[in-house]
Amino acid sequence: MAIFSVYIVNKAGGLIYQYDSYVPRSENEKTFSFPLDLVLKTHDERVVVAFGQRDGIRVGHAVLSINGVDVNGRYTSDGKEVIEYLKDPTNYPVAIRFGRPRLSSNEKLMLASMFHSLFAIGSQLSPEEKSSGIEMLETDTFKLHCFQTLTGIKFIILADPRQAGIDSLLRKIYEIYSDFALKNPFYSLEMPIRCELFDQNLKLALEVAEKAGTFGPGS
């Protein structure tokens with residue numbers, strides 16, 4: 001069981017804190033001969049698999065390295081354009097590593113703003129007055145849990161679907177936020193949280209939750 005990420009979003013929808021412990025579950029490196037039997041395309045400044053699946057490599061996986069050289073977006077770290085390089089038969093055989101890359105900082109900011117909007121829409125669509133908004137979204141690989149305070153700050157956790165006790169953990173993170181961010185005289189409300197004691201106590205709470213599988217009473 002695992003907790004992948006923690007995000008704190010201010011009442012305007014801005015991302016003011018993020019902690020990621022997510023490591024892609026699977027990365028696959030295979031040696032290919034020419035022609036490449038996967039169709040690649042550029043999407044969001046990454047080279048990804050558009051068609052064809054084999055040996056754990058799936059549609060949507062990104063090219064992470066070529067012959068051991070890391071790929072950053074559309075280019076290798078030594079400056080080669082990935083798709084053009086793979087069109088040249090003289091470059092084969094070639095070892096390509098595929099996997100799901102981490103989100104960029106800009107993508108995280110965009111997703112935080114998007115969820116903030118969905119949360120507001122969910123509150124307005126509810127047939128009940130004063131709806132709390134979206135508290136959980138579930139997929140086959142993770143659950144998104146959200147706790148919003150009375151002041152509009154949202155605490156969001158992405159976790160393994162089997163991870164228990166997230167509600168208690170969210171409230172524990174709120175306590176840590178109150179003790180080590182709000183009481184910090186150098187912290188300005190709604191601004192990014194940069195506090196070493198906050199970081200330390202948050203990581204400790206996450207470690208306890210992950211080791212136990214549950215967090216505190218009422219889990």
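The chain is numbered in sequence order, starting from 1.
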Note to self: Using 0.5 Å steps for rounding, measure from the CG atom of Leu15 to the CG atom of Leu111.
What the structure shows: 9.5 Å
Note to self: Could you check whether Asp20 and Tyr7, counting side-chain N and O atoms only, form a donor-acceptor pair closer than 3.5 Å?
What the structure shows: yes
Note to self: Quick one, Glu190 and Ile153 - any side-chain contact, counting heavy atoms below 4.5 Å?
What the structure shows: yes
Margin query: On a heavy-atom basis, which atom in Leu170 and which in His145 lie closest, and how many Å separate them?
Written below: CD1-CB, 3.9 Å
Check: Does the side chain of Leu206 come within less than 4.5 Å of Leu169's, by heavy atoms?
Finding: yes
Item checked: Nearest atoms (heavy-atom pairs only) where Phe4 meets Ala159 -> CE1-C, 3.8 Å
Checklist line | Test log, rule side chain to side chain contact (heavy atoms under 4.5 Å, CB included), inputs Lys30 and Ile57 | finding: CA-CA 9 Å; Lys30 303 293 179 184; Ile57 300 168; 3.8 Å; yes
Check: Can you check whether Leu86 reaches Tyr92 side chain to side chain, under 4.5 Å on heavy atoms?
Finding: yes
Item checked: Single-linkage hydrophobic cluster Met136~Leu118, side-chain heavy atoms < 4.5 angstrom -> no
Item checked: Asn91 (side chain) donor-acceptor with Tyr85 (main chain) under 3.5 angstrom -> yes
Check: Once you round to the nearest 0.5 Å, how far does CG of Asp179 lie from CG of Asn184?
Finding: 12.0 Å
Margin query: Measuring from atom CG of Leu197 to atom CG of Leu202, what distance do you get when rounded to the nearest 0.5 angstrom?
Written below: 12.5 Å
Note to self: Within this structure, what is the CZ-CG distance for the pair Phe147 and Asp167, rounded to the nearest 0.5 Å?
What the structure shows: 9.5 Å
Next item on the list: Report yes if some heavy atom in the side chain of Leu158 is under 4.5 Å from a heavy atom in the side chain of Gln163; otherwise report no.
Entry: no
Margin query: How close do Glu81 and Glu84 get, counting heavy atoms only, and between which atoms?
Written below: OE1-N, 2.8 Å
Note to self: Is there a side-chain contact between Leu38 and Phe51 in this structure, where contact means two heavy atoms from C-beta onward sitting under 4.5 Å apart?
What the structure shows: no
Notebook entry, point to check: Is any side-chain heavy atom of Cys146 less than 4.5 Å from a side-chain heavy atom of Ile134?
Noted result: no
Check: Mind checking whether Val63 and Val94 sit in one hydrophobic cluster, side chains of I, L, V, M, F, W, Y counted as touching below 4.5 Å?
Finding: yes
Check: Only one of Phe198, Phe180, Phe155 forms a ring-ring contact (aromatic ring centres under 6.0 Å, His included) with Tyr174, so which one is it?
Finding: Phe155
Margin query: Please evaluate residues Ile173 and Ile157 with respect to the criterion side chain to side chain contact (heavy atoms under 4.5 Å, CB included), reporting the C-alpha separation (whole Å), side-chain torsions for both, the decisive distance (0.1 Å), and the verdict.
Written below: CA-CA 10 Å; Ile173 295 174; Ile157 289 177; 3.8 Å; yes
Notebook entry, point to check: Are Val48 and Met110 connected in the hydrophobic side-chain network, where two residues link if heavy atoms are under 4.5 Å apart?
Noted result: no
Next item on the list: Check Thr76 against Ile66 and note the closest heavy-atom contact, atom names and distance.
Entry: CG2-CD1, 4.2 Å
Item checked: Gap separating the CG atom of Asp160 from the NZ atom of Lys143, nearest 0.5 angstrom -> 9.5 Å
Notebook entry, point to check: So how far is it from Thr151 OG1 to Lys11 NZ, rounded to the nearest 0.5 Å?
Noted result: 7.0 Å
Notebook entry, point to check: Should Val69 and Val71 be regarded as members of a common hydrophobic cluster, given that ILVMFWY residues are connected when their side-chain heavy atoms come within less than 4.5 Å of each other, either directly or indirectly?
Noted result: no
Margin query: Both conditions, 6.0 Å and 45 degrees, for the charged tip of Lys154 above the ring of Phe115: are they met here?
Written below: no
Next item on the list: Considering non-hydrogen atoms only, spot the tightest contact between His61 and Gly56 and give its length.
Entry: CE1-O, 3.5 Å
Next item on the list: Search all heavy atoms of Gly13 against all heavy atoms of His116 and return the closest pair with its distance.
Entry: CA-CG, 3.4 Å
Check: Does some side-chain heavy atom of Leu40 sit less than 4.5 Å from a side-chain heavy atom of Val49?
Finding: yes
Notebook entry, point to check: Side chains of Gln53 and Val59: does their closest heavy-atom pair fall under 4.5 Å?
Noted result: yes
Checklist line | Same apolar cluster: Leu137 and Phe119, side chain cutoff 4.5 Å | finding: yes
